[in-house]
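Accompanying notes for the structure given below.
We count residues from 1, following the sequence as given. From a predicted model like this one, the values you see are computed outputs, not experimental measurements.
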Amino acid sequence: MLLNMSENNCPFEERDRDRLPPIINHSLDRGPKLHFPSYGSFISTLNHKRESGSHSLSSPLLLPAVKQVRELPPICPDVRQKHRISIDVLPPEVKARFISEPIIPIRTKTGREFQEDLERATISGDWKQVHDFYLITFDSFLELNAAFKNPQYTSPATYVIYAHLLRQIAALAEADHHFLMHWFKKLPQKRFKQLVERLQLFITTRLFPAKPEELPPMAKCSWWIPSATKVLSLLNAANSISSPPIVPFSDFYNLTLDHIDFMEDYHTWQAHGNSNRFTFCQFPFILSTVVKKAIIQRDSEQQMISMARQTLVDKVSRRQRVDMSLLFLNIKVRRLQLVSDSLDELSRKRADLKKKLKVTFVGEAGLDMGGLTKEWFLLLIRQIFHTDYGMFTYVKESQCHWFSSWKCDNYSEFRLVGALMGLAVYNSITLDIRFPPCVYKKLLTPPIVPCDLDTPVGMATLTLEDLQQVMPDLAHGLGELLSYEGNVEEDFYTTFQVFQEELGVVKSYNLKPGGDKIPVTNLNRKEYVQLYVDFLLNKSIYRQFAAFYNGFHSVCASNALMLLRPEEVEILVCGSPNLDMSSLQRVVQYEGYSKTDPTIRAFWDVVLAFPSELQKKLLHFTTGSDRVPVGGMADLNFKISKIDVSTDWLPVSHTCFNQICLPPYKSKKELRQKLTIAISNAEGFGLE
């Protein structure tokens, strides 16, 4: 079990808990070192010296300590003495990864040269040179122009011609698709979005035509939708390689597909993979998160039913009594030993993790109708992610949690957190977890657990942009190192070695073999930054994350995970950050009130006028999370109840049931004041 300081009576000052551990870059031993709080201040000082006429520094400089990872509480005050331990060889499962350069298409002519060819051809009448350029650029250049520049292909009356043009484009060679993708990437956002919408409309109209007689029978044009979807995939690829994306990835969702038999499509995809037999699962960007969540849940349910059926058959064949509790994952825990009991229960019942979850608190009466399950999740997450617990650190600059890098012999509690996230997805519970986006990239690397247990997991290819979302100050400094115009080796005195403090012990790690003797130069600084990012986000937390990864996939093990983007995994676990209080007003339930009561009218007038931050606080106060489930506000089951107490009382909430209780306030002003106080000071007493 991880160490809890309150249980071990090891006092430490608050400032010690908040102090961040250094991850220090070691330099060659060339004299006294000066410390700067960031690369930015270092470069500013260097530029100042150069402006004053100094071309070199009198003293070499050391790269700064990383300030983004919170230090773990000391075991005892007397073990804080640091011992430097050199570790030259990293574990084999965390070998260096390099980011490949994107392949940019080579154009044989510039725009000006092509214009000159056109002018010469117009004068001479010889169009062969222009024609040859078309041929080596696209096999079907005229069809491409017709498909993407003709505004007439928005009407079903023209869809027969449009479909043939789309088939021509879909059948182009891979090299032409590559050129086309980069052409899409250069389009203005408005034009790009028009193309996406036109293709989506074509697919929707073919699936659900308003006037079926306007289109040929489906049996005669089964190739229409595959062709359009393949062309849409080129636009999606162009959007994915653009930084930032041209349009949100959700613009590629076709919501009409929510109404088809997507499980049949999924089973066909499982049976035939990416063969010539078309399925929408081959192009998962077009499926909404709602569909993907439903596929994951139904796939898991089918696995659970199969397991339960086999268990029942075994019981009957042995003439044993059949207990219907076999159909559920039954968790019994004590409140005072919540984490240890939960860990024991989930470890003993690994074979049942895909079953429907039911929670019982020992010594408490009552059946779990959903409230106890949600309370179990809320209490566990609150305890595990508390700073004192030591598993995760909270990074104030990025407002997210990150994995503690200290090493131990047992990482089972990280597996528990992963399993909790998987159970939350399967049981439609939204968790209040603040992980950076790269965690979800790592969870899908690979999306399916490898059969070979020695295969590394979670080792995603991450960039400086990913580090920016975890440790923004350090990422900014490394970015300035990459753009520094002076002599990096002479001015920075940095090597391919970093130091990391773990429970009072400073350990050194070489980013590459012999890294402590390899200086960082202008030529190799890009490699240095790549290795540094890889070390911080992959290697230094490998065993912690591997346990976390395996816990998540022990519940959500499904080929359906291959359909998900990292952003969609985050939405499945934590919900969507996009609030629509008007939608919530339409689906809210009332108890003791009606929607025409003065208190309710005043409530919605106040809430709809709230800034987004207060709206999030209201949602967090009432539900335990400031995000919206995948299915939208309707899935919240939000309830407003009347409580017959003095109007001097503040509103109260029952987060396990997504319920807020309002006294019958007499005025809008009084309601706004009491509600604002309640939701702004709710941490610690909103859970009931």
Side-chain angles (χ1 to χ4, degrees), residues 2 17-21 23 38 65-73 244 377-378 380-406 413-414 416-418 420-422 424-425 429-445 458 460 462-479 500 532-542 544-545 547-549 551-552 565-579 612-613 616-617 619-620 624-628 683:
L2 293 174
R17 186 193 320 161
D18 290 336
R19 192 165 61 82
L20 302 172
I23 300 179
S38 69
V66 175
K67 297 185 178 180
Q68 282 69 26
V69 184
R70 190 184 299 278
E71 184 177 20
L72 297 174
F377 276 109
L378 290 173
L380 263 179
I381 292 300
R382 187 172 296 173
Q383 184 168 337
I384 287 172
F385 281 86
H386 196 281
T387 307
D388 292 348
Y389 203 69
M391 286 180 65
F392 297 94
T393 57
Y394 184 72
V395 187
K396 290 182 179 178
E397 291 80 5
S398 56
Q399 297 183 339
C400 67
H401 289 98
W402 190 244
F403 294 76
S404 295
S405 59
W406 58 272
E413 291 187 352
F414 288 99
L416 168 63
V417 180
L420 280 176
M421 283 179 51
V425 171
I429 301 292
T430 301
L431 298 182
D432 187 26
I433 295 178
R434 308 290 174 175
F435 279 137
C438 65
V439 165
Y440 301 98
K441 290 183 183 180
K442 290 164 68 64
L443 267 180
L444 294 179
T445 310
L462 302 175
T463 66
L464 198 58
E465 184 177 337
D466 295 296
L467 184 65
Q468 172 74 30
Q469 296 167 339
V470 185
M471 307 172 186
D473 289 349
L474 176 62
H476 178 72
L478 291 174
Q500 191 169 47
Y532 199 173
V533 170
D534 190 46
F535 173 80
L536 290 172
L537 302 185
N538 284 325
K539 295 174 183 173
S540 65
I541 59 163
Y542 176 76
Q544 294 89 322
F545 195 89
F548 173 78
Y549 171 97
F552 178 80
R565 296 173 57 93
E567 300 94 332
E568 292 170 327
V569 178
E570 181 177 11
I571 291 173
L572 288 177
V573 174
C574 306
S576 169
N578 301 319
L579 303 188
S612 60
E613 284 306 310
K616 288 182 179 180
K617 287 183 177 182
L619 203 62
H620 192 279
S625 172
D626 62 4
R627 293 190 167 207
V628 183
E683 187 65 31

Sorted by chain and number, sequence neighbours left out, side chain to side chain donor-acceptor pair (under 3.5 Å) with Asp626 holds for Arg434

Got a sec, which residues hit ring pair (Phe, Tyr, Trp, His ring centres under 6.0 Å) with Phe552, two or more places apart in sequence or on another chain? none

State which residues pass side chain to side chain donor-acceptor pair (under 3.5 Å) with Arg627; sequence neighbours excluded, sorted by chain then number. none

Could you give the distance from CD (Glu413) to CD (Gln544), rounded to the nearest 0.5 Å? 12.0 Å

Please walk me through it: do Phe403 and Tyr542 pass side-chain contact (heavy atoms from CB on, under 4.5 Å)? CA-CA 10 Å; Phe403 294 76; Tyr542 176 76; over 6 Å; no

Contacts of type side chain to side chain contact (heavy atoms under 4.5 Å, CB included), residue Val417, not counting sequence neighbours: Ile384, Phe385, Met391, Phe392, Phe548

Rounded to the nearest 0.5 Å, what separates atom CG in Leu467 from atom OH in Tyr532? 8.5 Å

Check Thr393 against Ser404 and note the closest heavy-atom contact, atom names and distance. CG2-OG, 3.6 Å

By salt bridge (Lys or Arg N to Asp or Glu O under 4.0 Å) - contacts of Lys441 (at least two apart): Asp466

So, for Met421 and Leu443, which heavy atoms are closest and what is the spacing to 0.1 Å? CE-CD1, 3.9 Å

What distance separates Ile541 CD1 from Trp406 CH2, expressed to the nearest 0.5 Å? 13.5 Å

Listed partners of Tyr440 passing ring pair (Phe, Tyr, Trp, His ring centres under 6.0 Å), at least two apart: none

Ring pair (Phe, Tyr, Trp, His ring centres under 6.0 Å) partners of Tyr549, counting only residues at least two apart: His553

Can you name the nearest heavy-atom pair linking Tyr394 to His401, along with the distance? CD1-NE2, 3.8 Å

Do Val533 and Thr463 make a side-chain contact, defined as non-hydrogen atoms from C-beta onward lying under 4.5 Å apart? no

For residues Lys442 and Leu462, determine if any side-chain heavy atom of one lies less than 4.5 Å from a side-chain heavy atom of the other. yes

Note, Val628 side chain near Leu579 side chain (heavy atom, < 4.5 Å): yes

Would you compute the distance between atom CG of Asp534 and atom OG of Ser540 and round it to the nearest 0.5 angstrom? 9.5 Å

For the CH2 atom of Trp402 and the SG atom of Cys438, what is their distance to the nearest 0.5 Å? 4.0 Å

So, using side chain to side chain donor-acceptor pair (under 3.5 Å) as the criterion, who are the partners of Glu567 when residues are at least two apart? Arg565

Could you grab the distance from atom CD of Glu568 to atom OG of Ser576, nearest 0.5 Å is fine? 11.5 Å

Smallest heavy-atom separation, Ser398 atom then Val470 atom, equals OG-O, 2.8 Å

Closest non-hydrogen atoms of Ser625 and Thr430, given as atom of the first, atom of the second and distance, are OG-CG2, 3.6 Å

Minimum heavy-atom separation for Gly624 and Asp432, please, with both atom names. O-CB, 3.5 Å

Residues in side chain to side chain donor-acceptor pair (under 3.5 Å) contact with Gln468, at least two apart in sequence or another chain: none

